[in-house]
Amino acid sequence: MNAESNAPSTAPAPSDFIRDIVAQHVAEQRYAKIVTRFPPEPNGYLHIGHAKSICLNFGIARENNGQCNLRMDDTNPAKEDVEYVDSITADVRWLIAGWADHVLGLKPKGATPAKQEVAGREDYYLAPVPSSDLKSETSDRGASAAAEPFFASDYFDQLYAYALTLIRKGKAYVDDLSPEETDAYRGSPDKPGRESPWRNRSVEENLDLFQRMRAGEFPNGARSLRAKIDMASPNIWLRDPLLYRIRHTPHHQTGDKWCIYPLYDFAHCLSDYLEGITHSICTVEFEVHRPLYDWILENLDLPRALPRQYEFAKLIPSYMIVSKRRLIRLVDEKLVDGWDDPRLPTIAGLRRRGIPASALRRFVIGTGVTKYDSLTDIAVFEHAIREELNASAARRLAVLKPIKLVLTNLAPDETIECVATNNPQDPTPTTRPVALTREVFIESDDFAEVPPPKYFRLKPGGEVRLKYACIVKLDEIVKDASGAIVELRCTADLTTRSGQPNSDRKVKGTIHWVSATQSVPAEVRLYDRLFTVPEPGATDDFLQHVNPKSLEVVTARLESSLASATTADRFQFERLGYFALDEKDSAPGKPVFNRIITLKDTWAK
RNA sequence: UGCCUGGUGGUGUAAUGGUAGCACAGCAGAUUCUGACUCUGCUUGUCUAGGUUCGAGUCCUAGCCGGGCAGCCA
């Protein structure tokens, strides 16, 4: 079933302060096309917070027939790796697949900015191409063969030329101050900084020095290129910010071509410009950088329309850690099974957990876009997952912690074929056969020798319905010498089967079961929240709050039809929760299921 | 105590000078061959103080309380 078709038709089109701005620009016809971008640095895995940014940027592009470029913000080779380029690209494609992949802007493989004439002036421009226009006949996955993400490193030549322009205009200078001295000269938020003694070098000397920086004449940190703005500015980022630093480090995309690298503030605004970005959307910590973003663009006399930056507040879900530094600790200290551990809020982890992309999208879009620092209740996410899966997941019978139940009035080799509904939420539900035999397994939680009040399940002398089968009555509890329960002996009332005269007979409890002989064993991983407190990131000792019971592994018994499950399937194990095959550890004949999420349980209060 | 920015039920979000709405969570009930889903009902909110106005969550003033910013990280 197509997940998109399950979206309630009543869902209003998202609206927020950024979309309002875009809508106004569209009404004014300010831009020929709305172009946004998602610009991660390839130095780690994407997480649920990035998912919000992805959905915002791709969503705006999609709603306005525009485009959203995937761009690696790769200006710091020391921290980056192609491993992350690949994982980020895969994660983005997974998240937007079928929803916004037609607005995904990629570039023809190896493309770099080309000179163009704009408004009678020479300019560089790398026209963004939507992935739908990049399809090659050799690839049925769209652009994958012919195209790749944009990279800030694609623009290093052009960025260098822009830096030269700034120097020629007397707007940038080469500084000989060491990193420590630069820091001391900067002052503090409430005290102005001091001007560097090298601030007023001649254009010729700056040009010479900057070219020699590029040529590799100086060691790391010996010199830097700085914008000449205002050391007394109340905004720290306007106190002659660094534009280039020397780093004799090979780069994952450009190899050893460069030994100077632009910093974020210089590279980002110009990368946006070069791609024709109209709305550059980032998180609020960059708010204080916006004047610098504008300063660089405005001081270069660029001929085309300039991008503008807009900021929104990050998504922080409760019971989760989204700080990259802390995620690294969880992975490095082996508290989890790698970056795609199903308990992690990484996109790779959520995907491996079995969470549909549509549910992730529904959640992050549903939380809205504001500038307010909030903590979003994880229950909202859980609700979105259940809502998607309730509509689409096939129901199956599975017993997580089996206890044997013997139907004494059935013959040992007798099989009664029962009819089970695949999904009662379907307008015209389909069915499948399940086999009822003399020996079955039921959930150990569904039996209590000494039942608590209002216990609807199996108890001594009591009756329950085996779902899709019949009502059974508990006659005898068989124990071994140590007192452990070996089996429960029951009588089946076959007249209560579906289609039989007494099928309408009501009993309070209905429980799930599988045949002992016609079922398959499987490893099932029961995941729970990774942290025990709502805001594990609030304090430094977040590792104290790791939930020791975040993973329980059981050997379950599954109805035999589950033997042919694929990793694309999502199931509801009735009365238990939603499950999917683990894409990494499952093997043919040796299935491993992950619990995506439990069913809502108002009884387990 | 510099600059930027924000404050609406428990949580998140809407209302763009005119009935404070929606979702999640919670509670109560109905229904149920999933203690699910569904349905019904309920509880709970405009940071404070002044001002403008017929009318203020919204505009103005002052205050209070958050968040962000001092990497040659992004």
Side-chain angles (χ1 to χ4, degrees), chain A residues 12 15-17 20 39-41 43 73-76 78-80 175 177-180 182-183 186-193 220-226 233-239 241-247 261 263-265 267-268 282-291 311 313 315 318 324 366-384 386-387 390-391 395 397 421 424-425 454-457 464-471 496 498 503-512 534 572-577 598-605:
Chain A
S15 170
D16 53 66
F17 76 98
D20 289 347
E41 183 186 17
N43 70 343
D73 214 355
D74 58 344
T75 57
N76 186 359
K79 291 190 171 182
E80 300 156 6
D175 196 355
L177 252 29
S178 70
E180 296 73 26
T182 305
D183 199 36
R186 185 158 30 231
S188 58
D190 52 344
K191 276 186 231 112
N220 291 351
R223 291 187 219 264
S224 62
L225 184 73
R226 292 235 245 167
S233 172
N235 183 337
I236 295 272
W237 292 99
L238 258 20
R239 318 242 266 229
L242 269 78
L243 267 21
Y244 269 89
R245 79 292 223 185
I246 300 171
R247 281 284 174 279
Y261 293 96
L263 277 109
Y264 166 84
D265 288 295
H268 203 93
C282 61
T283 47
V284 288
E285 66 265 30
F286 291 101
E287 214 154 21
V288 286
H289 293 243
R290 195 190 329 134
E311 309 88 12
L315 169 69
S318 62
K324 192 173 279 177
T367 54
V369 181
T370 65
K371 301 185 84 150
Y372 176 68
D373 271 288
S374 60
L375 183 70
T376 300
D377 193 338
I378 194 67
V380 180
F381 186 32
E382 295 174 341
H383 179 261
R386 291 188 181 111
E387 198 165 40
N390 179 48
R395 314 290 122 124
L397 294 175
T421 304
Q425 305 291 323
K454 291 177 109 179
Y455 188 78
F456 300 158
R457 286 108 100 142
V464 291
R465 177 176 286 279
L466 298 184
K467 187 153 195 196
Y468 305 123
C470 60
I471 293 171
T496 60
S498 298
S503 65
D504 287 343
R505 217 184 106 199
K506 304 288 183 203
V507 284
K508 202 71 179 150
T510 300
I511 64 174
H512 58 278
Q572 182 194 106
F573 291 176
E574 296 218 33
R575 301 210 306 132
L576 294 172
T598 61
L599 250 28
K600 196 175 166 190
D601 187 357
T602 45
W603 161 246
K605 49 197 179 227

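Quick note on labels: first sequence line is chain A, next is B, and so on, each numbered from 1. Heavy-atom basis, side chains included; hydrogens, waters and symmetry copies ignored.
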- Identify whether any heavy atom of A:Lys191 sits under 4.0 Å from a base atom; if not, whether one sits that close to sugar-phosphate; answer base, sugar-phosphate or nothing. nothing
- Task: Ignoring hydrogens and angles, tell me if any N or O in the side chain of A:Arg239 forms a donor-acceptor pair with the backbone of A:Arg186 under 3.5 Å.
- Result: yes
- Query: Between A:Asn235 and A:Ser233, do the side chains contain an N or O donor and an N or O acceptor separated by less than 3.5 Å?
  - Reply: no
- Can you find a donor-acceptor pair, distance only, under 3.5 Å between A:Glu311 side chain and B:U5 base? no
- Task: Please indicate yes or no: is the ring centre of A:Trp603 less than 5.5 Å from the centre of the six-membered base ring of B:G35, with the two planes inclined by under 30 degrees?
- Result: yes
- Query: Between the side-chain atoms of A:Ser178 and the base atoms of B:C72, is any donor-acceptor pair under 3.5 Å?
  - Reply: no
- Query: Which base, if any, makes a Watson-Crick or G-U wobble pair with B:G29, both distances under 3.5 Å?
  - Reply: B:C39
- Item | B:G6 base stacked by A:Tyr372 (centroids within less than 5.5 Å, tilt under 30°) | no
- Task: Report the residue (A:Leu375 or A:Phe17) whose heavy-atom-nearest nucleotide on RNA chain B is the more 5′ of the two.
- Result: A:Leu375
- Task: Among the candidates B:U1, B:G35, B:A74, find the nucleotide nearest to the side-chain atoms of A:Tyr455.
- Result: B:G35
- Nearest nucleotide by nearest heavy atom, which residue falls closer to the 5' end of RNA chain B, A:Val288 or A:Thr75? A:Val288
- Task: Taking only the side-chain nitrogens and oxygens of A:His383, find out if one of them lies under 4.0 Å from OP1 or OP2 of B:C24.
- Result: yes
- Would B:G10 be called syn or anti, given that syn covers angles within 90° of 0? anti
